[in-house]
Amino acid sequence: MSQGTVVTFDAHRGIGVVESEDGVRLDFHCTRIADGSRSVPTGAKIRFEVVPGSLGRWEASEIVLVSVAT
């Protein structure tokens with residue numbers, strides 16, 4: 001699994017962007033959050049898998065919250 005930070009998350013649309021530790025930015029959809037909560041705070045540290053997305057781009061999946069920024 002990769003680690004990174006949630007850069008943006010639009011709860012109304014259910015989409016967001018994570019930035020991996022090596023600086024790669026990946027989109028994700030709220031259905032990819034592993035605990036089923038469909039929400040994750042901006043700035044949170046997460047673990048995730050990188051998978052091929054439906055639009056031919058890589059996306060973050062199986063997103064697991066590690067810690068919340070204070």
Side-chain angles (χ1 to χ4, degrees):
M1 287 190 112
S2 299
Q3 291 192 358
T5 304
V6 177
V7 178
T8 64
F9 183 69
D10 181 338
H12 180 70
R13 293 176 49 203
I15 59 172
V17 176
V18 301
E19 184 171 329
S20 66
E21 290 178 324
D22 59 359
V24 176
R25 288 188 175 211
L26 302 161
D27 296 329
F28 72 93
H29 189 265
C30 64
T31 58
R32 301 292 190 151
I33 300 171
D35 67 3
S37 68
R38 294 187 175 233
S39 181
V40 63
T42 301
K45 300 292 183 185
I46 57 168
R47 287 192 322 256
F48 60 93
E49 295 289 336
V50 179
V51 299
S54 60
L55 300 175
R57 294 177 279 186
W58 294 102
E59 296 180 357
S61 183
E62 297 302 317
I63 296 166
V64 176
L65 186 65
V66 174
S67 67
V68 178
T70 56

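Start at 1 with the first residue, then count along the sequence.
When the options V18, V64, I33, T5 are evaluated for a side-chain contact (heavy atoms from CB on, under 4.5 Å) with I46, the one that passes is V18.
No side-chain heavy atom of S61 sits under 4.5 Å from any side-chain heavy atom of F48. Side-chain atoms of V40 and L65, non-hydrogen and from C-beta on, do get closer than 4.5 Å to each other. R38 places a side-chain heavy atom less than 4.5 Å from the side chain of T31. Between E59 and L26, every side-chain heavy-atom pair lies at or beyond the 4.5 Å cut-off.
The distance from atom CD of E21 to atom CD of E19, rounded to the nearest 0.5 Å, is 10.5 Å. The NE2 atom of H12 lies 11.5 Å from the SG atom of C30; values are rounded to the nearest 0.5 Å. For the atom pair CD of E49 and OG of S2, the computed distance is 7.0 Å after rounding to the nearest 0.5 Å. Considering CG of D35 and CD1 of I63, their distance stands at 10.0 Å, rounded to 0.5 Å. Here D10 contributes atom CG and T42 contributes atom OG1; the two are 9.5 Å apart, rounded to the nearest 0.5 Å.
Under a hydrophobic-cluster definition in which Ile, Leu, Val, Met, Phe, Trp and Tyr are linked whenever side-chain heavy atoms come within less than 4.5 Å, directly or via other members, V66 and V68 are assigned to different clusters. Residues W58 and F28 fall within the same hydrophobic cluster, defined by Ile, Leu, Val, Met, Phe, Trp and Tyr side chains chained together at heavy-atom separations under 4.5 Å.
The two residues V6 and P41 make their nearest non-hydrogen contact at CB-O, 3.6 Å. Taking every heavy atom of both residues into account, M1 and R47 meet most closely at SD-NE, 3.8 Å. Closest heavy-atom contact between S39 and F9: CA-CE2, 3.9 Å.
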